[in-house]
Amino acid sequence: KPMEASLALIAVTMNAWNRHKGAPEDVTTDWLKVNLTPGQVTEAALFAKAALVEGMRREDAPEEEDADVGAEELQKKTGA
């Protein structure tokens with residue numbers, strides 16, 4: 001059951017991203033099972049969980065705090 005829950009979370013997250021970008025929302029758990037390896041599912045689930053938590057934090061954050069988390073992480077990794 002944990003794998004099914006992870007696949008569902010990944011599908012919801014990917015479809016939300018697709019909706020944000022104006023792309024079709026056609027990611028399903030069945031599609032993920034066919035197209036991702038177990039290791040990729042684990043990695044994608046970690047990213048999806050982090051995105052969910054970050055989204056919840058942003059809802060509670062003051063309006064003036066609108067940091068680009070992705071840019072901050074990239075700066076940390078590249079040292080730029």
Side-chain angles (χ1 to χ4, degrees):
K1 297 292 181 189
M3 180 65 85
E4 291 295 323
S6 291
L7 289 168
L9 177 60
I10 295 165
V12 167
T13 304
M14 290 179 73
N15 284 321
W17 178 253
N18 287 348
R19 183 173 48 253
H20 174 71
K21 292 296 185 181
E25 298 176 42
D26 54 2
V27 178
T28 64
T29 56
D30 290 333
W31 183 88
L32 293 169
K33 286 177 190 176
V34 170
N35 291 285
L36 296 181
T37 66
Q40 290 172 322
V41 170
T42 300
E43 188 173 353
L46 291 172
F47 284 117
K49 290 172 188 174
L52 178 66
V53 169
E54 183 60 32
M56 289 179 179
R57 283 191 193 137
R58 285 182 177 258
E59 287 180 10
D60 294 336
E63 289 295 321
E64 65 272 2
E65 184 184 323
D66 195 19
D68 186 346
V69 176
E72 290 174 3
E73 288 297 319
L74 182 60
Q75 283 179 335
K76 287 179 190 175
K77 290 180 181 179
T78 61

Original post:
Do NZ/NE/NH1/NH2 and the carboxylate oxygens of E4 and K1 come within less than 4.0 Å?
Top reply: no
Original post:
Atom CG in L9, atom CG in L46: separation rounded to 0.5 Å?
Top reply: 10.0 Å
**OP:** Quick one: do L52 and T13 satisfy side-chain contact (heavy atoms from CB on, under 4.5 Å)? Show the steps, please.
**Re:** CA-CA 8 Å; L52 178 66; T13 304; 5.8 Å; no
Original post:
With sequence neighbours left out, what residues match E43 under salt bridge (charged side-chain N to carboxylate O under 4.0 Å, His left out)?
Top reply: none
Original post:
Rounded to the nearest 0.5 Å, how far apart are CD1 of I10 and OG1 of T28?
Top reply: 12.0 Å
Original post:
Got a donor-acceptor contact below 3.5 angstrom from the N18 side chain to the E25 backbone?
Top reply: no
Subject >> Validation row: L32, V41 side chains within 4.5 angstrom (heavy atoms) >> reply: no
Original post:
With sequence neighbours left out, what residues match W31 under ring pair (Phe, Tyr, Trp, His ring centres under 6.0 Å)?
Top reply: none
**OP:** Would you kindly confirm whether M3 and F47 end up in one hydrophobic cluster when ILVMFWY residues are joined by side chain heavy atoms under 4.5 Å apart?
**Re:** no
**OP:** Apply side-chain hydrogen bond (donor to acceptor under 3.5 Å, both in side chains) to K49 and list each qualifying residue two or more places apart in sequence or on a separate chain.
**Re:** none
Original post:
Linking I/L/V/M/F/W/Y whenever their side-chain heavy atoms sit closer than 4.5 Å, directly or via other members, would M14 and L36 fall into one cluster?
Top reply: yes
